[in-house]
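Scroll down for the structure; my scribbles are underneath it.
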Amino acid sequence: MLQQTQVTTVLPYYERWMARFPTLKALAAADEQELLSYWQGLGYYSRCRNLHEAAKRVVESGLPTRSDDWRVLPGIGAYTAAAIASISAGEPVAAVDGNVERVYARFAASQEPKARLSTAARKWSESHMRLSTCEPAQWNQALMELGARICSPRNPDCRACPLANACQGKGDPHRFPAKKPSRTVVEISYTVWVPAREGRWGVRRVPPGGWWAGLWEFPRRAEESALHQEFVGASPRGLGEVRHQVTHHRLTLRAFLVEEALWPNDLDWLDTDELKRRAMPAPQRKIANLALRKVVAANGLEPLT
DNA sequence: AATACGGGGAG
DNA sequence: CTCCCAGTATT
């Protein structure tokens, strides 16, 4: 959960997750759709599937010990493997996260691209770790903490830094690490229609290969498509517009309520409680709430969380 | 080496 | 707006 996601964001998800799936065995035996519903809103949903798969393998074959063996599990990369192995087994391997990369980039005044920076930071951290009397877990924690609290992205406090003496970047820490040029934003528009009948909602599984694969959504078409044109001709009721940013794409989803025509025939029809438990992409969740307010507010139903 | 992959926190 | 978050897998 913590991969590329802030601790304060993760915390409530983690608590709910651990209450529901308290052991590896429980996790391995869980239904993937339910896992995704607990993950819903966190993003990077492949992490969820990978964690599930990793739990299955571990329950089947036992817990790894060495970093290299952890590394084989899906979703466990260099950072996570090193973090686990150094903490759980005291293995002297460097856990290099964004903090450590930044600390190293400034310390060595390096503007290398991310891949090389990461490798260099790992060697740097590991060589000093071995010279230190510090436990590997403590060393890793200390370096990450230094990056989070002192060598921070926006306001590095070089006066408080224990490495300032030897640091090559302290004159102008903001030059490191090098920022990659920002990509031009791509605008994408979708029409979303919300099939509703007799208190039920029609959803489909997001097809594989793109964003939100495997989650559930209301039918969606690019606005240029022929289906869209046909749809507009059916004069649906507008629900509203939802904007959402995904990396360098800016999405606009225009949502409409349709009660009869143009439903794909492979929809899953859910009542409101079932809809609430399905994992939906954030913008589709917002549309669900628009629809709920419009259609069933009078019945006293609560919005989706 | 570069890109896809979410969503949100914070300045 | 921008940058970046206790990264990983794929190309």
Side-chain angles (χ1 to χ4, degrees), chain A residues 1-14 36 39-54 67 70-87 93-105 111-122 125 137-149 151-156 173-186 188 206 208-215 217 242-251 253 279-286 305:
Chain A
M1 287 181 177
L2 287 165
Q3 291 166 357
Q4 286 293 281
T5 307
Q6 294 185 355
V7 175
T8 53
T9 302
V10 163
L11 240 31
Y13 285 87
Y14 174 78
L36 283 170
W39 203 275
Q40 118 86 27
L42 258 187
Y44 286 135
Y45 297 94
S46 62
R47 292 180 300 178
C48 181
R49 274 182 273 272
N50 285 336
L51 183 57
H52 191 204
E53 176 62 24
S67 170
W70 279 105
R71 182 72 181 73
V72 172
L73 292 170
I76 308 289
Y79 163 76
T80 306
I84 296 172
S86 65
I87 292 170
V93 282
V96 176
D97 72 340
N99 287 309
V100 179
E101 277 180 15
R102 183 177 56 257
V103 168
Y104 171 76
Q111 293 188 317
E112 294 289 312
K114 185 175 165 59
R116 291 158 66 94
L117 184 62
S118 178
T119 301
R122 182 177 53 74
S125 173
Q138 300 297 320
W139 176 270
N140 284 332
Q141 186 67 38
L143 221 43
M144 289 191 286
E145 214 68 36
L146 177 62
R149 298 180 187 267
C151 196
S152 63
R154 304 228 187 211
N155 302 310
H174 291 288
R175 287 200 300 140
F176 313 100
K179 285 170 288 218
K180 33 185 175 184
S182 58
R183 303 178 55 166
T184 57
V185 175
V186 177
I188 303 177
V206 181
W211 301 323
W212 313 304
L215 274 61
E217 66 171 11
V242 168
R243 298 177 69 77
H244 187 74
Q245 185 103 20
V246 180
T247 61
H248 60 289
H249 306 273
R250 184 156 41 221
L251 312 184
L253 291 77
M280 300 182 78
Q284 290 267 351
R285 174 69 54 178
K286 291 177 193 165
T305 53

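For clarity, every value in this text was computed on a predicted model and none was experimentally measured. Just so we're on the same page: letters track the sequence lines, and every chain starts at 1.
Not one side-chain nitrogen or oxygen of A:R243 sits closer than 4.0 Å to the OP1 or OP2 atom of B:dG7. A sub-4.0 Å separation between OP1 or OP2 of C:dT8 and a side-chain N or O of A:Q3 is present. Side-chain nitrogen and oxygen atoms of A:W212 include at least one within less than 4.0 Å of the OP1 or OP2 phosphate oxygen of B:dG7. When the side-chain nitrogen and oxygen atoms of A:Q6 are compared with OP1 and OP2 of C:dC5, none of them lie within a distance under 4.0 Å. Distances shorter than 4.0 Å separate none of the side-chain N or O atoms of A:H244 from OP1 or OP2 on B:dG6.
A:H244 NE2 to A:R250 CZ: the interatomic distance, rounded to the nearest 0.5 Å, is 12.5 Å. Atom-to-atom distance recorded for A:K179:NZ and A:Q111:CD is 9.5 Å, nearest 0.5 angstrom. Taking CG of A:L117 as the start and NZ of A:K114 as the end, the distance is 7.5 Å to the nearest 0.5 Å. Separation of atoms NZ (A:K286) and CZ (A:R243) is listed at 11.0 Å; rounding is to 0.5 Å. Taking CG of A:D97 as the start and CD of A:Q4 as the end, the distance is 9.5 Å to the nearest 0.5 Å.
Of the residues in residues 43-51 of chain A, those with a non-hydrogen atom less than 4.0 angstrom from any atom of DNA chain B are A:G43, A:Y44, A:Y45, A:R47.
Out of B:dG6, B:dA1, C:dC3, the shortest distance to the side chain of A:R154 is found at C:dC3. Closest to the side chain of A:P153, from the set B:dG7, B:dC5, C:dC4, is C:dC4. Of the candidates B:dG8, B:dA1, C:dC1, the closest approach to any side-chain atom of A:R250 belongs to C:dC1. Between B:dA1, B:dG6, C:dG7, one nucleotide has an atom nearer to the side chain of A:V246 than all others, and that is B:dG6.
With hydrogens and angles ignored, no donor-acceptor pair closer than 3.5 Å exists between the side chain of A:T5 and the base of C:dG7.
The P atoms of C:dT8 and B:dG8 are separated by 22 Å, rounded to the nearest whole Å. Comparing C:dA6 with B:dA4, their P atoms sit 23 Å apart, to the nearest whole Å.
Each of A:K180 and A:P283 was matched to the nucleotide of DNA chain B holding its nearest heavy atom; the match closer to the 5' end belongs to A:K180. Taking for each of A:T9 and A:T247 the nucleotide of DNA chain B with the nearest heavy atom, the 5'-most of the two is the partner of A:T247. Judged by closest nucleotide on DNA chain C, A:R102 is the one of A:G77 and A:R102 placed further toward the 5' end.
A:H249 comes within 4.0 angstrom of no nucleic acid atom, judged by non-hydrogen atoms across all strands. Contacts of A:G147 with the nucleic acid, taken as non-hydrogen atoms under 4.0 Å apart, are absent. Note on A:A78: only backbone sugar-phosphate atoms sit closer than 4.0 angstrom, heavy atoms only; bases stay farther off. Residue A:L42 is in base contact, counting any heavy-atom pair closer than 4.0 Å across all strands shown. As judged by a 4.0 angstrom heavy-atom cut-off over every strand, A:T80 is placed among residues touching the sugar-phosphate backbone only.
Just one of A:C151, A:P156, A:P177, A:S125 meets the side chain to side chain contact (heavy atoms under 4.5 Å, CB included) condition when paired with A:V103; it is A:C151.
As a whole-Å value, the separation of A:Q141 CD from C:dA6 C1' is 9 Å. Going from atom CD1 of A:I84 over to atom P of C:dT8 covers 9 Å, rounded to whole Å. In this structure, A:E145 atom CD and C:dA6 atom P are separated by 10 Å, rounded to whole Å. Atom-to-atom, NZ of A:K114 to P of C:dC5 comes out at 8 Å; the value is rounded to the nearest Å. For the pair A:L11 CG and C:dA6 P, the computed distance is 12 Å after rounding to whole Å. To the nearest angstrom, P of B:dG7 lies 12 Å from CE of A:M280. Spacing between atom OH of A:Y14 and atom P of C:dC5 amounts to 22 Å, rounded to whole angstrom units. Taking atom NE2 on A:H248 and atom C1' on C:dC4, their separation rounds to 17 Å, with Å as the unit.
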Between A:N99 and A:R102, is a side chain to side chain donor-acceptor pair (under 3.5 Å) present by the stated rule, with each step listed? CA-CA 5 Å; A:N99 287 309; A:R102 183 177 56 257; 2.7 Å; yes
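Across A:A279 and A:L215, no two heavy atoms sit closer than the pair O-CB, 3.5 Å.
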Atom pairs and distances, donor-acceptor, side-chain atoms in residues 74-86 of chain A, under 3.5 Å, two or more places apart:
from: A:T80; atom 1: OG1; to: A:Q3; atom 2: NE2; distance (Å): 3.0
from: A:S86; atom 1: OG; to: A:A82; atom 2: O; distance (Å): 2.9
from: A:S86; atom 1: OG; to: A:A83; atom 2: O; distance (Å): 3.1
from: A:S86; atom 1: OG; to: A:N140; atom 2: ND2; distance (Å): 3.1

